[in-house]
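Working notes, structure below.
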Amino acid sequence: MKTATEKRNTRIRATICDIPKGSVASYGQIAEIAGIPRGARQVGYALRHLPEGHKVPWHRVVRASGEIAMRTGSVGHREQKKLLQNEDVAILNGRVDMKKYRWQPDLDELLWKPSAAWDDE
DNA sequence: CATATGACGACAA
DNA sequence: ATTGTCGCCATAT
């Protein structure tokens with residue numbers, strides 16, 4: 001069986017996979033949608049320890065402030081910036097304009113992923 | 001069991 | 001805008 005933590009991480013990754021191209025979401029936002037209120041740090045942890053061969057659009061996850069979370073200058077940081085710009089997400093002064101690019105899921109999208117039936121992933 | 005840490009976030013000064 | 005605190009919560013030691 002899966003541990004509660006594994007399920008949470010699965011939901012986190014699944015949620016991130018739903019971020020549409022050209023949009024971004026904050027760690028806290030992902031946590032909330034994934035059913036983990038105040039679990040922003042968990043999202044960070046989950047991303048940091050992504051499994052091999054993942055297909056998660058991790059670059060669409062930024063801080064609530066719009067800044068890229070990774071250390072400035074790090075390889076990952078540059079990579080993320082590049083990936084975002086490839087999706088037409090502008091980065092001014094090292095930050096994304098959240099007002100403009102923040103992902104705003106529709107009711108339908110949220111209804112897809114009922115938090116109750118995730119026991120068998 | 002006690003601390004420390006971190007790809008966070010909200011808020012006060 | 002910048003800096004410091006504190007709350008959160010899974011992991012690591």
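Quick note on labels: first sequence line is chain A, next is B, and so on, each numbered from 1.
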Gap between atoms OH and C1', on A/Y27 and B/dG6 respectively (whole Å): 11 Å
Side-chain heavy-atom pair A/Q29, A/P105 within 4.5 angstrom cut-off: yes
Side-chain (A/R11) to main-chain (A/A34) donor-acceptor, under 3.5 angstrom: yes
Residues in side chain to side chain contact (heavy atoms under 4.5 Å, CB included) contact with A/K99, at least two apart in sequence or another chain: A/D97
Proximity to DNA chain C (any heavy atom under 4.0 Å), residues of residues 67-75 of chain A only: none
Flag side-chain contact, heavy atom, 4.5 Å: A/K81 against A/I68: yes
Pairing residues for A/E67 by the salt bridge (Lys or Arg N to Asp or Glu O under 4.0 Å) criterion, not counting sequence neighbours: none
A/V62 vs A/S26 side-chain heavy atoms within contact, under 4.5 Å: no
What's touching nucleotides 8-13 of chain C from the protein side, N or O pairs under 3.5 Å?
unit_1	atom_1	unit_2	atom_2	d
C/dC9	O4'	A/Q42	OE1	2.8
C/dC9	O2	A/Q42	OE1	3.2
C/dC9	O2	A/Q42	NE2	3.3
C/dA10	OP1	A/R8	NH2	3.2
C/dA10	O4'	A/Q42	NE2	2.6
C/dT11	O3'	A/Y45	OH	2.7

For A/A40, side chain to side chain contact (heavy atoms under 4.5 Å, CB included) partners two or more places apart: A/Y27
Nucleotide B/dC8, atom C1' - distance to CD1 of A/I12 in whole Å: 12 Å
Sugar-phosphate only, base, or nothing, as touched by A/R63 at under 4.0 Å among non-hydrogen atoms: sugar-phosphate
Spacing of A/R13 atom CZ relative to B/dA7 atom P, expressed in whole Å: 18 Å
Show which side-chain atoms of residues 71-78 of chain A pair as donor or acceptor with protein atoms under 3.5 Å away, not counting sequence neighbours.
unit_1	atom_1	unit_2	atom_2	d
A/S74	OG	A/R71	O	2.7
A/S74	OG	A/H77	N	3.2
A/R78	NH1	A/G73	O	2.6

